[in-house]
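Taking it in order: structure first as structure tokens, then the write-up.
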Amino acid sequence: MAKQTNKTASGTSTQHVKQQNAQASKNNFGTEFGSETNVQEVKQQNAQAAANKSQNAQAAANKSQNAQASKNNFGTEFASETSAQEVRQQNAQAEAKKNQNSGKYQG
């Protein structure tokens with residue numbers, strides 16, 4: 001008996017089986033992907049990710065503004081708590097004590 005090239009030993013067409021397998025594989029992939037993916041959920045997750053990204057950008061901008069404000073407040077706070085006249089008076093008193101003490105220990 002002569003062997004046919006496109007048939008199996010039981011007489012099944014190999015070309016036909018290959019076509020069926022290819023079609024089944026193609027359909028299963030699409031069906032599987034479609035059944036496991038909730039489009040609405042993906043859209044919601046994307047919207048949430050975009051909102052988080054925007055919120056993070058805003059937080060970074062606020063942090064930068066707060067750092068600048070703190071820097072400016074430090075100078076203001078320091079200036080408002082420091083009396084130049086009082087510092088001059090304290091310096092003069094310290095200088096006077098220094099001069100007094102330097103005269104005491106001369107031999």
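Every value quoted in this text rests on a predicted model; they were computed, and no experiment measured them.
- Val87 pairs by the side chain to side chain contact (heavy atoms under 4.5 Å, CB included) definition with Thr82, Asn91, not counting sequence neighbours.
- Take Gln58 and apply the side chain to side chain contact (heavy atoms under 4.5 Å, CB included) test, not counting sequence neighbours, and it matches Asn62.
- In this structure, the side chain to side chain contact (heavy atoms under 4.5 Å, CB included) partners of Glu95, at least two apart in sequence or on a different chain, are Lys98, Asn99.
- Checked against side chain to side chain donor-acceptor pair (under 3.5 Å), Asn56 has no partners two or more places apart in sequence or in another chain.
- Remark: Glu41 engages Gln45 in a side chain to side chain donor-acceptor pair (under 3.5 Å) (not counting sequence neighbours).
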